[in-house]
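As structure tokens, the structure follows; a few thoughts come after it.
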Amino acid sequence: AFARCAARAVRPGGAILIEPWLTKQVWKQGHPSLQTWSSADLHLARATVSELDGDYAIADMHWLIAARGQPVQHIIDHHRLWLCPHETLIEVFNEAGFDAHVDPNGMLKDRGLLIGIRK
């Protein structure tokens with residue numbers, strides 16, 4: 001449905017760029033991850049350990065939020081993300097009216113970049 005909507009929004013000859021989520025081939029089962037960000041008044045930390053459920057990545061992202069003058073917050077953000085093969089993305093966007101391919105280098109490691117030119 002999104003590919004068809006995008007085709008209606010993009011003029012012939014126009015382009016769409018989509019950074020896909022990871023594929024099953026590069027998903028790292030059990031991989032721990034921690035990102036932090038800090039300023040004078042705010043510190044953020046996000047930690048997760050990757051899980052796999054069939055063709056879906058499961059990531060319960062645990063956020064710690066420490067803001068000046070506030071109690072520390074702990075929030076769990078549950079994600080269930082389809083590890084969609086690039087071949088499926090290409091097929092769907094081609095069927096919607098694009099000439100699509102995936103540049104494996106993309107912008108971020110292991111993601112690739114779907115490039116579609118509207119027919």
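These numbers were taken from a predicted model, which means no experiment stands behind them.
- R46 has its side chain out of reach of L34: every pair of non-hydrogen atoms, C-beta onward, lies at least 4.5 Å apart.
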Run the side-chain donor-acceptor check on residues 84-94: report pairs under 3.5 Å with partners two or more places apart or on a different chain.
from	atom 1	to	atom 2	distance (Å)
H86	NE2	R111	O	3.2
N94	OD1	A100	N	2.7
N94	ND2	I90	O	3.4

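- Smallest separation of non-hydrogen atoms from A57 and W21: CB-NE1, 3.9 Å.
- The minimum heavy-atom distance linking R80 with Y56 is given by the pair NH2-CD1, 3.5 Å.
- In plain terms, the two heavy atoms of A7 and A96 that are nearest each other are CB-O, 3.1 Å.
- Atoms CG and CG, on L83 and L22 in that order, are 7.0 Å from each other to the nearest 0.5 Å.
- As a member of the Ile/Leu/Val/Met/Phe/Trp/Tyr network built from side-chain separations under 4.5 Å, V72 groups with L64.
- A donor and an acceptor atom, one from each side chain of H43 and S38, are located under 3.5 Å apart.
- N105 contributes atom CG, which lies 10.0 Å from atom CG of L113 (distance to the nearest 0.5 angstrom).
- Side-chain atoms of S50 come within 3.5 Å of backbone atoms of G30 as a donor-acceptor pair (strictly under, hydrogens ignored).
- Of the possible polar contacts, one joining the K24 side chain to the G54 backbone as a donor-acceptor pair under 3.5 Å is found.
- Here the CG-CG distance, from L114 to D103, works out to 10.5 Å after rounding to the nearest 0.5 Å.
- Hydrophobic cluster membership for I65: W37, L42, L44, M61, W63, I75 (Ile, Leu, Val, Met, Phe, Trp, Tyr linked by side-chain heavy atoms under 4.5 Å, directly or transitively).
- Residues D60 and H79 come closest through the heavy atom pair OD1-N, 4.4 Å.
- Here CG of D110 is found 11.0 Å from CD of Q25. Values are rounded to the nearest 0.5 Å.
- The closest donor-acceptor contact from the side chain of W27 to the backbone of E51 lies under 3.5 Å.
- Cluster annotation: L52 and V26 are assigned to the same hydrophobic cluster (Ile/Leu/Val/Met/Phe/Trp/Tyr, side-chain heavy-atom contacts under 4.5 Å, transitive).
- Under the 4.5 Å side-chain criterion, counting only non-hydrogen atoms from C-beta, R118 is not in contact with R11.
- Rounded to the nearest 0.5 angstrom, I18 CD1 and I115 CD1 are separated by 11.0 Å.
- Rounded to the nearest 0.5 angstrom, T48 OG1 and I58 CD1 are separated by 10.0 Å.
- The two residues P20 and G112 come nearest to each other via the heavy atoms CD-O, 3.5 Å.
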